[in-house]
2 protein chains.
Amino acid sequence: MTWGRRGSGERGYHHGNLKEALVRAALELIAEKGPAGFTFADAARWAGVSPAAPYRHYRDRDALIADVAKRGFEAFTAALAKAWDDGRPDVMAAFDRLGKSYLDFAKREPAYYSAMFEAGVPLDADPQLRETSERAFVVLRAAAEKLVALLPAKGRPPALMVALHIWSMTHGIASLFGRGDAARRALPMPPEELLEAAVLIYLRGLGLNEGVASGRS
Amino acid sequence: MTWGRRGSGERGYHHGNLKEALVRAALELIAEKGPAGFTFADAARWAGVSPAAPYRHYRDRDALIADVAKRGFEAFTAALAKAWDDGRPDVMAAFDRLGKSYLDFAKREPAYYSAMFEAGVPLDADPQLRETSERAFVVLRAAAEKLVALLPAKGRPPALMVALHIWSMTHGIASLFGRGDAARRALPMPPEELLEAAVLIYLRGLGLNEGVASGRS
DNA sequence: CCGCAATGTAAAAGCCCTTCACATGGGAAT
DNA sequence: ATTCCCATGTGAAGGGCTTTTACATTGCGG
């Protein structure tokens, strides 16, 4: 734990990049002590400024968390879009990557995930926040669209519903078993496998032939 | 909003039932402002005692929340067990009730649900807490057991996995769309229907004939 | 009836949040 | 290059929450 002026070296009166520093501090602190145990003053100390300085960049503590959540959704969307890759090389393989990518994000970026889904940020705090969060769902929705298109046109389920199902299942697993948090439950198998099995069963229920190998493990 | 000495009438120096009063206060306050916006001092005020009084009953604020969570798991287990009713009159109908009961609990008792799943209570804060929370899962597990038993013995999936899948899906839906919270997302259909459809698809994927009418609505 | 233990209170130290008046200096306009 | 503006940071202060400690009250068992 070094102290004060991290990274940007030897600052004088002005920090130079306080806003970014605060976001990084928030991520560190949330990862360490959860979104609840995170304090505005801590972030200021972490950045080496007085407790009042952050107010020049954020209306209050919640605004900072909301910004972290927004950035989280951006990174999340990027990760999902990259994993989905427009359904290449084939829809099933891409869909599989998509789910894993979701869990992977929750595990790799617990601080972002916390801020996004567990910090109790009102989605309408910032209209930008709501929109950014929608964009992540758009990827899921597009994937569901392509998935549903594989089914016979007759009795095809609404893609939106399928997207919501997959999202719920994935979020449920991430939320209950995702991180190694002491607060979470133990599991007889890794969450990725749990999810993969669930999705395979669900897709079979939709009428999709088990195309992708389930036992690649 | 009446003030002080609620219910138990005209107290003198001693409250007489402070512990219970604190739990009720916590429930009110959590329901109102979320688990984060809940303060120990508020609860004391609500009960009409000094800010130090609660410390005679709980080590600290977190201990109170943990107790609320514990009571929540008890009520939750009772609700689930009642809905499941040992699989009567038939497994599918009971299973359907079970899922609805889960969502219903999340909606009817948002304060309990928050304390149980969103307040970041370390499950091992109190060994009793962990055990109580396990008991709720036991009901789900038993239901999954009976459900799986309907399948042909060959290639039968592990009941534990099925229970985890259903739990995750249900919790995911409850968590993302469950309450009317401003913080939650809008949905093109009621969460109960979303869950019912998901479960039907999942069960079909398991190889269960669609026994129960899906369109009872 | 007495005295203990349980329960509640008051006061105080420490921390956090937030605001306000003031300080500093980076950079645009001249 | 100089000047001045305003974005950015500081220090101090008010108010609230948390938690501890010494003290007050009282129910209840012996």
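Around CZ of R59(B), the count of heavy atoms belonging to other residues, nucleotides or ligands within 6.0 Å does not exceed 12. More than 12 heavy atoms of other residues, nucleotides or ligands shown are found within 6.0 angstrom of NZ on K33(A).
Remark: P of dT7(C) and CD of E20(B) are 13 Å apart, rounded to the nearest angstrom. In this structure, the NZ atom of K33(A) is 12 Å from the C1' atom of dC16(C), given to the nearest Å. In this structure, L22(A) atom CG and dT8(D) atom P are separated by 12 Å, rounded to whole Å. The interatomic distance linking N17(B) (CG) with dT7(C) (P) rounds to 11 Å, in whole Å. Per the geometry, CZ belonging to R56(A) stands 16 Å off C1' belonging to dG26(C), to the nearest Å. In this structure, L18(B) atom CG and dG27(D) atom P are separated by 16 Å, rounded to whole Å.
Ring centroids of F38(A) and W46(A) are separated by 6.0 Å or more, keeping the two rings apart.
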Identify all pairs in which a protein N or O lies below 3.5 Å from an N or O of nucleotides 15-18 of chain D, and state each distance.
{"residue": "dC17(D)", "atom": "OP1", "partner": "R45(B)", "partner atom": "NH2", "Å": "3.2"}
{"residue": "dT18(D)", "atom": "OP1", "partner": "F40(B)", "partner atom": "N", "Å": "3.2"}
{"residue": "dT18(D)", "atom": "OP2", "partner": "T39(B)", "partner atom": "OG1", "Å": "3.2"}
{"residue": "dT18(D)", "atom": "OP2", "partner": "F40(B)", "partner atom": "N", "Å": "3.2"}
{"residue": "dT18(D)", "atom": "OP2", "partner": "A41(B)", "partner atom": "N", "Å": "2.7"}

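For dA6(C), the OP1/OP2 oxygens have no side-chain nitrogen or oxygen of H57(B) closer than 4.0 Å.
The side-chain contact (heavy atoms from CB on, under 4.5 Å) test with F76(A) is passed by exactly one of E109(A), M116(A), R71(A): M116(A).
For E131(A), the side-chain contact (heavy atoms from CB on, under 4.5 Å) test picks out R135(A), with sequence neighbours left out.
For the residue pair F105(B) and G72(B), the shortest heavy atom distance occurs at CZ-O, 3.7 Å.
Of the candidate nucleotides dA11(C), dG11(D), dA21(C), dA11(C) has the atom lying nearest to any side-chain atom of A52(B).
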